[in-house]
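Throughout, protein chains are lettered first and strands after them, A, B, ... in sequence-line order, and every chain is numbered starting at 1. FYI, side chains are in, hydrogens and waters are out, and symmetry mates aren't considered; it's all heavy atoms of this structure.
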Amino acid sequence: MTLSLPALAAAAVLGLLGIGVAGLLVTRNLIKVVVGIQVMTKGGMLAMVLAGYLSGRVQTGAALALTVIVADTIVSVVALAFAVQVRRRFGTLDLQALSTLRR
Amino acid sequence: MFDLLIVAATLLCALQAIRSPRLLMSALWLASASALTALLMYLLGAPEVAVIELSVGAGLVTVLFVFAINIAGEEVTDLRALVPRPLAWLAALGAMGLGAWMAIPGLRAPAGPFPEPAFAAVLWEQRGLDVLLQVVLIIGGVLGVLGLLAEGRVHARKEKQS
């Protein structure tokens with residue numbers, strides 16, 4: 001397969017999604033979890049633009065990617081506010097230590 | 001060649017954002033990954049979204065991250081998850097392989113460009129519901145910023161009473 005721009009962009013989409021999943025799996029820090037979600041969403045919005053490019057409807061793909069950008073920003077704002085408040089109340093960002101349901 | 005370089009740099013920045021032990025460095029690597037993603041979007045023919053991604057994704061989100069890390073503080077302890085690290089990377093690679101298996105047949109040559117109105121017309125006229133949704137989300141985000149800034153006065157008062 002030739003290394004055309006769509007193929008490279010598809011590789012970037014898959015790579016970003018995979019790296020985001022790995023980031024969600026390897027960490028227990030709340031803020032690092034938000035970083036993992038951000039990386040995954042970047043793959044998602046790139047996928048929207050790529051789909052618009054491949055189907056010839058660039059502007060529709062761009063409009064959808066704009067929605068993804070807004071939703072992603074709001075998700076990270078709320079998650080970071082959550083992390084800050086958790087840190088204030090419990091004094092830790094460790095997801096394992098926050099769990100009060102075990103045992 | 002230039003495209004290959006950009007994609008490789010994007011993935012490298014994302015990987016560093018995940019792997020970096022310090023939260024602040026992680027946020028900065030995420031910002032550079034975001035800027036390179038915006039460059040890819042520009043190359044794919046969506047300059048409006050690329051500009052918004054560059055200003056919001058690389059600018060605003062990074063400011064929020066630095067602010068939150070500043071308040072919450074760095075935890076230098078290495079927090080390992082319950083999932084062993086090789087298993088996590090194996091799962092991620094498996095997910096990527098599955099995605100590639102499904103995505104590669106769709107990578108034909110681009111269909112001829114359909115006659116399409118400009119970006120603003122598409123956004124306001126065809127995707128009007130999305131714009132409404134974005135307004136609602138932004139109001140939710142403002143409330144989220146209030147949560148970020150709020151002091152713990154309510155709980156302090158409760159603890160004083162008890």
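The most heavy-atom pairs under 4.5 Å with chain B, out of A47(A), G23(A), A62(A), G61(A), come from A62(A). Counting heavy-atom pairs closer than 4.5 Å to chain A, the top-ranked of the candidates V49(B), V7(B), L44(B), T37(B) is L44(B). Counting heavy-atom pairs closer than 4.5 Å to chain B, the top residue among L50(A), L66(A), V34(A), V39(A) is L66(A). The choice from A46(B), A27(B), A17(B), G94(B) that makes the most heavy-atom pairs within less than 4.5 Å of chain A is A17(B). Looking only at heavy-atom pairs under 4.5 Å with chain A, the residue among S34(B), G57(B), A8(B), G140(B) that has the most is S34(B). Comparing L17(A), T41(A), I31(A) by how many heavy-atom pairs each has under 4.5 Å with chain B, the most go to I31(A). By number of non-hydrogen pairs under 4.5 angstrom with chain A, the leading residue of A103(B), G144(B), A33(B), A91(B) is G144(B). Looking only at heavy-atom pairs under 4.5 Å with chain B, the residue among V49(A), I19(A), V84(A) that has the most is I19(A). Contacts with chain A were tallied for L4(B), L40(B), T10(B); L4(B) has the most, counting heavy-atom pairs under 4.5 Å. Contacts with chain A were tallied for E53(B), R19(B), R127(B); E53(B) has the most, counting heavy-atom pairs under 4.5 Å. Note on D72(A), I69(A), V78(A), V21(A): by heavy-atom pairs under 4.5 Å with chain B, the leading option is I69(A). The choice from K42(A), M45(A), M48(A) that makes the most heavy-atom pairs within less than 4.5 Å of chain B is K42(A).
Only the side chain of A10(A) comes within less than 4.5 Å of a heavy atom of chain B; its backbone N, CA, C and O stay farther away. For L46(A), the parts lying near chain B are the backbone and the side chain together; criterion is any non-hydrogen pair under 4.5 Å. The contact between V145(B) and chain A is made by backbone and side chain atoms together, counting heavy-atom distances below 4.5 Å. Both the backbone and the side chain of F65(B) come within contact range of chain A, each with at least one heavy atom under 4.5 Å from a heavy atom of that chain. Using a 4.5 Å cut-off between heavy atoms, L90(B) makes no contact with chain A at all. Contacts between V13(A) and chain B at a heavy-atom distance below 4.5 Å are absent for every atom of the residue. At a 4.5 Å heavy-atom cutoff, A95(B) makes no contact with chain A through either its backbone or its side chain.
Interatomic distance, CG of L98(B) versus CE of M102(B), reported as 4.5 Å (0.5 Å rounding). The distance from the CG atom of L129(B) to the OG1 atom of T67(A) is 9.5 Å, given to the nearest 0.5 Å. To the nearest 0.5 Å, atom CH2 of residue W101(B) and atom CG of residue L14(A) are 14.0 Å apart. Atom CD1 of I69(B) is separated from atom CE of M25(B) by 11.0 Å, given to the nearest 0.5 angstrom. Note that CD1 of I71(B) and CZ of R87(A) are 11.5 Å apart. Values are rounded to the nearest 0.5 Å. One distance of note links CG of N70(B) with CG of L23(B); it measures 12.0 Å at 0.5 Å rounding.
Across every non-hydrogen atom of G45(B) and V58(A), the tightest pair is O-CG1, 3.1 Å. Heavy atoms only, all atoms of each residue included: A50(B) and Y42(B) are closest at CB-N, 3.8 Å. Contact detail for S20(B) and S26(B): the closest heavy-atom pair is OG-N, 3.8 Å. Nearest approach of A58(B) to A35(B), heavy atoms of both residues: CB-N, 4.3 Å. Here the closest heavy-atom approach between residue A88(B) and residue V26(A) is recorded as CB-CG1, 3.6 Å.
I74(A) pairs in a side chain to side chain contact (heavy atoms under 4.5 Å, CB included) with only one of the listed residues (L137(B), L143(B), V136(B), V142(B)), which is L137(B).
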